[in-house]
Amino acid sequence: MNKGEEKPLDFIREIVKKDLEAGVFNGRVHTRFPPEPNGYLHIGHAKAISIDFGIAEEFGGLCNLRMDDTNPTKEEAEYVSAIIEDVRWLGYDWGDRLTYASDYYEQMYQYAEELIKKGLAYVCELTPEELREYRGSLTEPGRESPYRARSVEENLVLFRRMKAGEFPDGTKTLRAKIDMASPNLNMRDPVMYRIVHASHYRTGNAWCIYPTYDWAHGLEDSIEGITHSLCTLEFEDHRPLYDWFLEKLGVHHPRQIEFARLNLTYTVLSKRILQRLVQEGYVSGWDDPRLPTLRGMRRRGYPPEAIRDFCARIGVAKTDSVVDYALLEHCVREVLNKKCQRVMAVLRPLRVVIENYPEDRKEELEAINNPEDPSAGTRKIPFSRVIYIEQDDFMEEPAPKFYRLAPGREVRLRYAYFIKCHGYHKDRNGRIVELRCTYDPDTRGGNAPDGRKVKATLHWVSAEEALKVEVRLYDRLFLKEDPLDFPEGSDFVANLNPHSLTVLTNCLAEPCLLSAKPWETYQFERLGYFCVDPDSSESRLVFNRTVDLKDEWARIKKQYLKEKQG
RNA sequence: UGGGGGAUCGUCUAAUGGUAGGACAUCAGACUCUGGAUCUGAGUGUCUAGGUUCAAAUCCUAGUCCCCCAGCCA
């Protein structure tokens, strides 16, 4: 694509554009995002949201947020508010167009009577088991229900009695009269209404018959004047039915277009499995930062604009695809790099005594808040004789290409001084517990007047002023790229990463973090991005690692270890 | 063995008969007071076999492989 050229449109936008040009819907574009309030939204929904709301926005149209609540046994008000919150957090707005399928129950019922009167629907008394048998199979046609030939009058009476609550659950259904021999199973006289004596979270006990998805969805779209009904691929062979209902009713008829749902490596987006992860305690809740739920990602520190950018980058197509999780992380880093304040924190502290630095001396050094954003200004960091550095930043016997501290080696303490290691102490287990170093007073601020260079710059905190904080390190929840690829006889649990969470309780951070507030994200220099978890209290800050920084040394180390092994 | 869809670098996605391009990932280098960021460069792809054409990812024919559908879930 050359400069100045428009970004190519995906196949849906292409269709919408053509419809617009042809005046198909009187030049209108109106979409909808129709979640069922029976669970929490995840990154897969974010893709759909970004398509539904994005297309409406780009073509000067509208997008409704619609609760597709047609099943009283699964839906709850709690999910409605969570969905609203999550879509809003992502940054989308539906004005006053928050709608509910349940608001259309009466109208749907009237449409159903209309279809009965046209001889296109009938009350069937087959049991669920019988219904299945009568449906036939993928290769064999179904059989017509013995109740199929009822008169319009009888159907009407029966249907009204169904509505009146005269029959127990599961004893009768209203079915569309289409074609039991259709090669498309969805057309084999699909159920439109089922009897369910259950209280609905919105309509209470007003109804005991509830519309099925196939019957309801097109009507919802039609009633709301939707022009383009965008959904995922598995609804492709429901489209003939969607079209059939609307055509027989002769009502406003939106165009349904299907796209591939999102899959991510090392991640599951199946509602059922997500539920098990939460219910069986593999994660701490729906907002566990390891989960691909929007709440989880928010708590992890993923900015909504990064998720939106991700959705824009993955594109829209009909090919089944699995997107590399690294792309999401890239989008997250890109946003965070630009806006996060830098700070120094030590995850696994190693005590360093600077022998030639006077015991009674303290000083403050100036540090840049964000090199990507000069307007973020600077801050002061305390420095003193005893400091802590990262355990990983010292090697007794340095590996090849390890530039950091080692006996006899000089490195820079960021924004402070050059220090040189002269010795170290070990505990009785042989673990290094303290380094003895000297500093060069002439290198204050981090540069040597004689121009000598060091190969590494370390982050550090002053022992006395440091804040003790908790840091939760997250890693992918699953070990396998495809978590559903497990040996026979086991299940996805076999692929769970036992080290997906590491809690570090003895971390030390520079004192400016004292004022940090929940949900704020910082870059811990050389380590990654960390956001303040709402579990934090006045006396103890808790940080979640959002994502690490790209780490050249980690890469080299890995290569080195691999070579050493074989 | 029914029907509906789909196959382009490792991954995602463009090219709509006319130079197979981008992004992420990977590798190499430059720069750097974050082994970060930034910059430069490299490699890797049209499912297969035929055909049409000056020219095919694109059109035709025949295959192959993958996904979805037998809820009174959505």
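Below, read A as the first sequence line, B as the second, and so on, with proteins coming before strands; counting in each chain starts at 1. Quick note: numbers below take in every heavy atom, side chains included, and nothing from hydrogens, waters or symmetry partners.
Using Watson-Crick or G-U wobble geometry with both donor-acceptor distances under 3.5 Å, A42(B) finds its partner in U26(B). When both distances must be under 3.5 Å, the Watson-Crick or G-U wobble mate of G35(B) does not exist. For C59(B), the paired base is G51(B) (Watson-Crick or G-U wobble, both distances below 3.5 Å). In this structure G2(B) sits in a base pair with C69(B), meeting the Watson-Crick or G-U test at under 3.5 Å. Remark: A7(B) base-pairs with U64(B); criterion is Watson-Crick or G-U wobble with both hydrogen-bond distances under 3.5 Å.
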Practice prompt. Test salt bridge (charged side-chain N to carboxylate O under 4.0 Å, His left out) on R66(A) and E224(A) and set out the steps.
Written response: CA-CA 10 Å; R66(A) 177 164 78 221; E224(A) 294 181 8; 2.9 Å; yes
Worksheet item: Could you go step by step and tell me if D52(A) and K47(A) meet the salt bridge (charged side-chain N to carboxylate O under 4.0 Å, His left out) rule?
Response: CA-CA 9 Å; D52(A) 293 330; K47(A) 174 179 179 179; over 6 Å; no
Worksheet item: Passes side chain to side chain contact (heavy atoms under 4.5 Å, CB included), L328(A) versus L264(A)? Steps please.
Response: CA-CA 9 Å; L328(A) 215 205; L264(A) 261 183; 4.3 Å; yes
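Side chain E258(A) to base G4(B): no donor-acceptor pair is found below 3.5 Å. No hydrogens or angles were tested; on distance alone, nothing pairs the side chain of R333(A) with the base of G36(B) as donor and acceptor under 3.5 Å. A donor N or O paired with an acceptor N or O is found under 3.5 Å between the base of U34(B) and the side-chain atoms of R342(A).
Residue contacts for R404(A): at a heavy-atom cut-off of 4.0 Å it reaches a base atom on one of the strands shown. Using a 4.0 Å heavy-atom cutoff across all strands shown, L527(A) reaches no nucleic acid atom at all. Using a 4.0 Å heavy-atom distance criterion, V454(A) is classed as making no nucleic acid contact. K455(A) comes within 4.0 angstrom of nothing in the nucleic acid, heavy atoms only.
Residues M187(A) and S182(A) approach most closely at CB-OG, 3.5 Å, considering heavy atoms.
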Pull out every protein N or O sitting under 3.5 Å from an N or O of nucleotides 65-74 of chain B, one pair per line with the distance.
residue	atom	partner	partner atom	Å
C67(B)	O4'	D320(A)	OD2	3.4
A70(B)	O2'	R135(A)	NE	3.2
G71(B)	OP2	R135(A)	NH2	3.2
C72(B)	OP1	R135(A)	NH2	3.2
C72(B)	OP2	R135(A)	NH1	3.1
C72(B)	N3	G170(A)	O	3.4
C72(B)	N4	L126(A)	O	3.0
C72(B)	N4	P128(A)	N	3.4
C72(B)	N4	G170(A)	O	2.8
C73(B)	OP2	R194(A)	NE	3.0
C73(B)	OP2	R194(A)	NH2	2.7
C73(B)	O3'	R194(A)	NH2	3.3
C73(B)	O2'	N71(A)	ND2	3.3
A74(B)	OP1	T70(A)	OG1	2.6
A74(B)	OP1	R194(A)	NH1	3.3
A74(B)	OP1	R194(A)	NH2	3.0
A74(B)	OP2	Y213(A)	N	2.8
A74(B)	O3'	D68(A)	OD2	2.7
A74(B)	N6	H238(A)	NE2	3.4

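For R143(A) and Y134(A), the positive end sits near the middle of the six-membered ring, less than 6.0 Å away and at most 45° from its axis. In this structure, K480(A) fails the cation-pi test against Y266(A), since its NZ or CZ atom is not both closer than 6.0 Å to the six-membered ring centre and inside 45 degrees of the ring normal.
The side chain of T319(A) contributes an N or O atom lying less than 4.0 Å from OP1 or OP2 of A7(B). An OP1 or OP2 oxygen of C24(B) is reached within less than 4.0 angstrom by a side-chain nitrogen or oxygen of H330(A). The phosphate of C27(B) has OP1 or OP2 within less than 4.0 Å of a side-chain N or O from Q559(A). Note on R526(A): a side-chain N or O is less than 4.0 Å away from OP1 or OP2 of G35(B).
Put simply, CZ on F524(A) is 20 Å from C1' on G35(B), counting in whole angstrom units. The separation between E329(A) atom CD and A23(B) atom C1' is 16 Å, rounded to whole Å. We find that CD of E525(A) is positioned 13 Å from P of G36(B), with the value rounded to whole Å. Rounded to whole Å, the distance from CG on D324(A) to C1' on C9(B) is 14 Å. A straight line from CZ of R412(A) to C1' of G36(B) spans 14 Å, rounded to a whole angstrom. At whole-Å resolution of the value, CZ in R555(A) and P in G29(B) are 9 Å apart.
Base orientation of G71(B): syn (glycosidic angle within 90° of 0).
Note on E390(A) versus R404(A): no salt bridge recorded, every NZ/NE/NH1/NH2 to OD/OE distance being 4.0 Å or above.
Ring pair Y529(A)/F524(A): centre-to-centre distance not below 6.0 Å.
Separating the C1' atom of G51(B) from that of A56(B) is a span of 11 Å, rounded to the nearest Å.
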